Amino acid sequence: MQQRRHTLLAIGAATLAALGAIAPVAHAEEKPKVALVMKSLANEFFRTMEDGAKAHNKEHKNYVLVSNGIKNETDTAAQIKMVEQMVAQKAQAIVIAPADSKALVPVLKNAVDKGVIVVNIDNRLDPEALKEKNLNIPFVGPDNRLGAKLVGERLAKELKAGDKVGIIEGVSTTTNAQQRTAGFKDAMDAAKMSIVGVQSGNWEIANGNTVAAGMMRENPDLKALLAGNDSMALGAVAAVRAAGKTGKVLVVGYDNIQAIKPMLKDGRVLATADQFAAKQAAFGIDVALKAIKDKTPQAQLPVEVKTDVVLVTK
């Protein structure tokens, strides 16, 4: 009986020892959950971004990816709810392309306060809104103003001083829309063009079409339309065609989505900018994963990580 008791104790000790050896290994192999929160997946740019993130996840396999996008570019409330859901679902990091540069700051502050690493891509969060919350969220992305200026400079080569141009802006409360408009203005002002107006097309094809049509009606001698993204440029191209002004009113865009490439080829769109949608999310995810691995506090993350933007023409 005594021997049997010793044997059972030995087996129990061995079992506990084995469990003790296994438990830390299982814990070590737990993969961090990274949430990618984008703007509208109706926009090809963000579908390309999501595809790039999935390819990065498949290649690296060292994290769990959860990706979400809103239905339209202005549904800020839905994006705020997505962030809240990701915090509730214990995401260790959130990589976000915010629909609004200011409105997302409070919910992201709440995420950071709960220990979630937050990285900003595509559309930069408002620096003043971040400062007000004493919040550091790194921006991983291109210089939108520079990209738009490159596109504007290419357009200016086809125009002469005094020509009338119109700017179709993205969602006006977003920093990237403001920066692209500023870049377009930099180029147009330097070339002494006459900017007849800046109107928001909310990043969307139909709205871009409506704005372009209105600008051409109000300015029959309009020479060019500068669209803050390629979706709005697609709408502008359709408006130009409907007005019978193909070749007479030039169109430029921004993003280099697949749908714009045949138009670059045949001249319906003169130029666009490529900010490498497929890589943007991956760059943001890399910053987040490094912070998790190194246990870097949010406040000590870099303020900015610049990525490339290049001019694309025929």
Side-chain angles (χ1 to χ4, degrees), residues 38-49 69-75 97 99 122-123 144 147-148 151-152 154-155 158-159 164-174 176-181 183-185 187-188 193 195-275 277 312-314:
M38 293 165 289
K39 292 192 278 184
S40 175
L41 292 177
N43 184 336
E44 186 190 309
F45 179 82
F46 292 104
R47 293 198 304 274
T48 303
M49 179 183 282
I70 50 181
K71 285 184 180 177
N72 63 61
E73 298 283 1
T74 56
D75 198 352
D122 177 61
N123 173 41
N144 281 277
V151 172
R154 175 64 188 88
L155 172 65
E158 304 297 319
L159 303 173
K164 291 181 179 178
V165 302
I167 296 174
I168 308 173
E169 187 171 66
V171 175
S172 299
T173 55
T174 59
N176 58 347
Q178 295 161 4
Q179 287 296 301
R180 290 175 198 179
T181 294
F184 286 152
K185 283 182 174 178
M188 294 300 97
M193 300 304 162
I195 300 171
V196 300
V198 177
Q199 291 181 44
S200 175
N202 282 339
W203 300 125
E204 294 175 349
I205 296 172
N207 290 338
N209 180 273
T210 301
V211 171
M215 283 185 169
M216 286 187 289
R217 272 196 309 274
E218 291 163 22
N219 304 276
D221 52 348
L222 193 77
K223 297 296 182 186
L225 290 159
L226 299 94
N229 77 348
D230 285 343
S231 292
M232 296 186 299
L234 292 173
V237 167
V240 168
R241 185 183 69 242
K245 293 188 174 182
T246 301
K248 295 175 186 174
V249 177
L250 301 174
V251 177
V252 295
Y254 195 110
D255 279 343
N256 197 32
I257 63 175
Q258 285 297 324
I260 216 77
K261 291 180 180 178
M263 298 186 181
L264 284 166
K265 196 172 180 180
D266 66 20
R268 284 175 289 170
V269 173
L270 179 70
T272 187
D274 196 339
Q275 57 171 332
V312 180
T313 61
K314 182 180 176 180

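Below, each value reflects all heavy atoms present in this structure, side chains not excepted, and no hydrogens, waters or symmetry copies. This structure is a prediction, so every number in the text was calculated from the model and none was measured.
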Non-hydrogen atoms of Gly152 and Ala187 that approach each other most closely:
C-CB, 3.5 Å
Listed by chain and number, what are the side-chain contact (heavy atoms from CB on, under 4.5 Å) partners of Ala177, not counting sequence neighbours?
Glu169, Thr174, Trp203
Residues that Arg47 engages under salt bridge (charged side-chain N to carboxylate O under 4.0 Å, His left out), provided they are two or more places apart:
none
According to salt bridge (Lys or Arg N to Asp or Glu O under 4.0 Å), does anything in residues 200-220 pair up with another residue at least two apart or in another chain? List the pairs.
none
Rounded distance (nearest 0.5 Å) linking atom CG of Asn229 with atom CD1 of Ile260:
9.0 Å
Please walk me through it: do Leu226 and Val151 pass side chain to side chain contact (heavy atoms under 4.5 Å, CB included)?
CA-CA 9 Å; Leu226 299 94; Val151 172; 5.7 Å; no
Enumerate, atom names and distances included, each donor-acceptor pair closer than 3.5 Å involving a side-chain atom of residues 230-246, sequence neighbours excluded.
from, atom 1, to, atom 2, distance (Å)
Asp230, OD1, Tyr254, N, 2.8
Asp230, OD1, Thr272, OG1, 2.9
Asp230, OD2, Asn256, N, 2.5
Asp230, OD2, Ile257, N, 3.0
Asp230, OD2, Thr272, OG1, 3.3
Lys245, NZ, Pro220, O, 3.0

Residues which pass salt bridge (charged side-chain N to carboxylate O under 4.0 Å, His left out) with Asp274, listed by chain and number, not counting sequence neighbours
none
Tell me whether Arg180 contacts the main-chain N or O of Asn144 through its side chain, where contact means a donor paired with an acceptor under 3.5 Å.
no
With heavy-atom distances below 4.5 Å as the criterion, would you say the side chains of Val249 and Met216 are in contact?
yes
Scan for salt bridge (Lys or Arg N to Asp or Glu O under 4.0 Å) pairs involving residues 256-273, sequence neighbours excluded, and state none if there are none.
Asp266-Arg268
Residues that Glu158 engages under side chain to side chain donor-acceptor pair (under 3.5 Å), provided they are two or more places apart:
Arg154
For Ile70 against Ala99, the heavy-atom pair lying closest together
CD1-CB, 3.9 Å
Please list, chain by chain and in numerical order, all residues satisfying side chain to side chain donor-acceptor pair (under 3.5 Å) with Gln275, sequence neighbours excluded.
Asp255, Gln280
Considering residues at least two apart in sequence or located in another chain, which fulfil the side-chain contact (heavy atoms from CB on, under 4.5 Å) criterion with Lys185?
Ile167, Thr181, Asp189, Ile195, Val198
Hey, could you give me the NZ/CG distance between Lys39 and Asp75, rounded to the nearest 0.5 Å?
13.0 Å
What I'd like to find out is whether the side chain of Leu264 reaches to under 4.5 Å of the side chain of Thr313, using heavy atoms alone.
no
With Thr48, which residues qualify under side chain to side chain donor-acceptor pair (under 3.5 Å), at least two apart?
none
Would Glu73 and Phe46 satisfy side chain to side chain contact (heavy atoms under 4.5 Å, CB included), going step by step from the backbone distance to the final call?
CA-CA 11 Å; Glu73 298 283 1; Phe46 292 104; 4.0 Å; yes
Restricting to non-hydrogen atoms, name the atom on Val211 and the atom on Gly201 that form the minimum distance, rounded to 0.1 Å.
CG2-CA, 4.2 Å
side-chain contact (heavy atoms from CB on, under 4.5 Å) partners of Thr210, counting only residues at least two apart:
none
Measure the CG-NZ distance between Asp221 and Lys248 for me, rounded to the nearest 0.5 Å.
13.0 Å
Is it true that a side-chain atom of Asn72 and a backbone atom of Thr74 form a donor plus acceptor pair closer than 3.5 Å?
yes
Kindly indicate whether the side chain of Met193, heavy atoms from C-beta on, has any atom under 4.5 Å from the side chain of Lys164.
no
Going by side chain to side chain donor-acceptor pair (under 3.5 Å), name the residues that satisfy it together with Ser40, two or more places apart in sequence or in a different chain.
none
Mind checking whether Leu225 and Leu250 have side chains closer than 4.5 Å, heavy atoms only?
no
